[in-house]
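Heads up, the thing below is written out as structure tokens.
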Amino acid sequence: MKNIGVIGCGNILETYLRSQEYFNNINFVSCSDINMDLAKKTASENNIKAQTVEELLSDNSIDVVLNITIPQAHFEVSKKILEAGKHVYSEKPMSVKYDQAKELLQISKNNNLYFGNAPDTFLGGGGQLSREIIDSKELGEILTGNFIFAFPGVQDFHPNPESWFQDGGGPVIDMGPYFFTTLVNLLGPAKNIRSRGVKFSDKREYKAGPKIGKFFDVDIPTSYMFSLEFHNNSIIQGFISFDVLNHKRNHVELYGTKGSIIVPDPNMFGGPVVTSMELGSEWIEHSVENKPLGKTNILNKTVRSNEAPKQSNYRGIGLSEMVNAIENNIEQRCNGELALHVLDIIESAMIAAENSTEVNMRSTCKKPTPLKDEEIQKLLK
Ligand SMILES: NC(=O)c1ccc[n+]([C@@H]2O[C@H](COP(=O)([O-])OP(=O)(O)OC[C@H]3O[C@@H](n4cnc5c(N)ncnc54)[C@H](O)[C@@H]3O)[C@@H](O)[C@H]2O)c1
């Protein structure tokens, strides 16, 4: 069991606090925010301490700090945490710049500190069963595939959407981590990327919160299309966009030499996984409801922005698995090398679009080892 301090008391905090109900080795004790009024309110509602960032970082009772500030602050905050001698678990992305993330990984290694990073959704029932099926080779070799993540943008529900539309924001930084991490888990590290980015309008309207009806600036592309080649030679086409009202496909389709697989939404933990083995044959559904991190655990509409009324959401497994790794002196699955490689794919996608060129990855990483149900059971309450 480790005491966890949190920096950043925004939207996603509630989901992390809930993870204490599922996992037996995380104990949130303190929270902080540049907005101390928010930190105090959060602390009193959740029976934890409110501290300034400096107080939290010098608190000897805190072992691990969860960085859930906005992406543009991840580097500065994670660096401070490491310099205070504490382990970091950061929300995605590791940083908004590859070079900064590389520096973070170096500092963590030099100081024997763990650097863990979201997303952890690939550890869910859907991600793990997909991995099992692909590893079994029953679909042959995966050669091609595609995915779409698209929605109208966070201005529809988030009261402060500006950072998603400024340098360091955008659809690939925001949602790329889920899809690229899932693909690396299934196919291994990426080799190169080609890409195209488009900005359709210079202003957007606030649709939630006190600024509703007013407009804010859009500084960066809001839709990207790309083609990503992996070291295993598969080529995957991707589309990530803040410009689509409706579609029916937040999933990944991968095509092998002997069959096809539909990998469920990489932003969530559940299933089903769907496969088809013969031309014109029925699609076969593989439920993950009997898997410890696949079972539907959200049964009613919640206020959480990232949850459908019925879903599997076990965010926090990455943090719990890292705490277990610290205690047993082993490497965690949601580790800095994986997050750095995913950020490399993200940054390379944006560079490739800007320069109309193919960009080679600077980094690589190990394919994470599959997470066995018995390992998960040890972490569950
Ligand atoms: N909202 C979601 O559904 C969701 C889901 C998964 C992951 N995430 C990730 O979680 C992170 C946080 O997202 P969110 O939606 O909670 O954002 P948010 O804007 O609601 O909250 C971020 C909080 O961080 C604080 N903050 C910013 N800079 C800071 C600094 N330097 N020091 C201390 N506090 C600082 C802000 O005051 C704010 O309260 C992001 O990296 C995002 O990508 C969000």
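For clarity, every value in this text was computed on a predicted model and none was experimentally measured. Counting starts at 1 for both ligands and their atoms, in listed order.
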Measuring from [atom], which candidate in [options] has the nearest non-hydrogen atom?
atom                    : options                   : value
atom 11 (C) of ligand 1 : Ile7, Leu66, Ile70, Thr69 : Thr69
atom 36 (C) of ligand 1 : Thr52, Asp33, Thr42       : Asp33
atom 43 (O) of ligand 1 : Gln72, His74, Lys92       : Lys92

**Message:** Can a side-chain donor-acceptor contact be found between Glu331 and Tyr114 if the only test is distance below 3.5 angstrom?
**Reply:**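 No, Glu331 and Tyr114 have no side-chain donor paired with an acceptor closer than 3.5 Å.
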
**Side-chain H-bond candidate by donor/acceptor type, Gln106 with Asn110, under 3.5 Å** =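 Yes, because at least one side-chain N or O of Gln106 sits under 3.5 Å from a partner of the opposite role on Asn110.
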
At a 4.0 Å threshold, what atoms of ligand 1 neighbour a non-hydrogen atom of [X]?
X      : value
Tyr178 : 5 (C), 6 (C), 7 (C)
Leu38  : 39 (O)
Gly10  : 16 (O), 18 (P), 20 (O), 21 (O), 23 (C), 39 (O)
Ala73  : 28 (N), 31 (N)
His158 : 15 (O), 18 (P), 19 (O), 20 (O)

**Pairing residues for Glu327 by the salt bridge (Lys or Arg N to Asp or Glu O under 4.0 Å) criterion, not counting sequence neighbours** =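 Per chain and number, Glu327 pairs via salt bridge (Lys or Arg N to Asp or Glu O under 4.0 Å) with no residue.
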
**Item:** Proximity of Asn160 to ligand 1 by residue part, where a heavy atom lies under 4.0 Å
**Value:**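 No part of Asn160 is near ligand 1 at this cut-off.
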
**SB check Arg362 Glu347 (cutoff 4.0 Å)** =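 So Arg362 pairs with Glu347 through a salt bridge.
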
**Asked** Does Arg194 pair with Glu229 as a salt bridge, N-O distance under 4.0 Å?
**Response**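 Salt bridge: no.
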
**Item:** Asn11 N/O under 3.5 Å from ligand 1 N/O
**Value:**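 Min N/O separation from ligand 1 is below 3.5 Å for Asn11.
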
**Item:** Partners passing side chain to side chain donor-acceptor pair (under 3.5 Å) against Asn27 (at least two apart in sequence or in another chain)
**Value:**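 Listed in chain order: Asn3.
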
**Prompt:** Between Tyr206 and Phe215, is the gap from one ring center to the other below 6.0 Å?
**Reply:**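 Distance test on ring centres: not under 6.0 Å, no.
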
